[in-house]
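Report on one structure; see the data block that follows.
The residues of the chain are indexed from 1 along the displayed sequence. No hydrogens, no waters, no symmetry mates; every other heavy atom, side chains included, goes into these values.
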Amino acid sequence: MLVSLGMAVGSFSAGILLQKKILNTFTVMALGAFSVCLGLILTFPPTAFRAMYNMAPIIAFPGVFLAGFGDPLMTISTLRALCDLQEAKRGALTPRVVTRITGIWLIGYCCMYYLGSFIAGV
């Protein structure tokens, strides 16, 4: 449930930050990456940090929320950065170009997502 709530808040935040141009696209992407990393460290703490490891059942809840919050920030800002790059290089976007950009992003995202499990042997 907290992942879904985090993703909803992250999507809403990404929309506001990118539409109103409050932050740069790459800054939003970096915030999302930092949020996901911090969320995963809180959710699955390393054994080297004994105090954090012992509190794992408690700190996992905000960790899951942070990871869910960061994912749409990275995803939406990456697509926006790809579209901005295409616009800067080639001019106006057509539906065909947007479909290609989204397709390239989707293939890369799925490869990263499923290849990690494949490499881990799951």
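To the nearest 0.5 angstrom, M29 atom CE is 9.0 Å from L18 atom CG. Atom CG of residue L82 and atom OG1 of residue T102 lie 8.5 Å apart, to the nearest 0.5 angstrom. Taking CZ from R90 and OG1 from T94, the interatomic distance works out to 11.5 Å, rounded to the nearest 0.5 Å. In this structure, CZ in R50 is found 14.5 Å from CE in M55, a value given to the nearest 0.5 Å. Here the OG atom belonging to S4 is positioned 11.0 Å from the CZ atom belonging to F65, to the nearest 0.5 angstrom. Taken from CG in N24 to CG in D84, the straight-line distance is 9.0 Å, to the nearest 0.5 Å.
Applying the side-chain contact (heavy atoms from CB on, under 4.5 Å) criterion to A14, with sequence neighbours excluded, gives L73, I76.
Linking ILVMFWY residues whenever their side-chain heavy atoms come closer than 4.5 Å, directly or via other members, leaves L42 and Y53 in distinct clusters. Cluster annotation: L40 is not connected to V3 through the hydrophobic network of ILVMFWY side chains, with a link wherever side-chain heavy atoms come within less than 4.5 Å. Residues F61 and F44 are members of separate hydrophobic clusters, defined by side-chain heavy-atom contacts under 4.5 angstrom among Ile, Leu, Val, Met, Phe, Trp and Tyr. Following chains of ILVMFWY side-chain contacts shorter than 4.5 Å, one cannot reach L66 starting from L31, and the two form parts of different hydrophobic clusters. By the criterion of side-chain heavy atoms lying less than 4.5 angstrom apart, applied directly or through intervening Ile, Leu, Val, Met, Phe, Trp or Tyr residues, I22 is not grouped with L79; the two fall into different hydrophobic clusters.
For the residue pair T99 and P95, the shortest heavy atom distance occurs at OG1-O, 2.8 Å. Scanning both residues, P72 and S11, for their nearest heavy atoms gives CB-OG, 3.4 Å. The shortest heavy-atom contact between M52 and I41 is SD-O, 4.0 Å.
Through ILVMFWY side-chain contacts below 4.5 Å, I104 is grouped with nothing and stands alone. Connectivity analysis of hydrophobic side chains (ILVMFWY, heavy atoms under 4.5 Å, direct or indirect) links L85 to nothing; its cluster partners are none.
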Go through D71 and T75 one step at a time and tell me if the side chain to side chain contact (heavy atoms under 4.5 Å, CB included) criterion holds. CA-CA 6 Å; D71 185 36; T75 303; 3.5 Å; yes
Report the C-alpha separation of I101 and Q86 in whole Å, then their side-chain angles, then the decisive distance to 0.1 Å, and conclude whether the side chain to side chain contact (heavy atoms under 4.5 Å, CB included) test is met. CA-CA 9 Å; I101 289 172; Q86 177 68 26; 3.6 Å; yes
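T25 places no side-chain N or O within 3.5 Å of a backbone atom of S77 that could act as its donor or acceptor partner.
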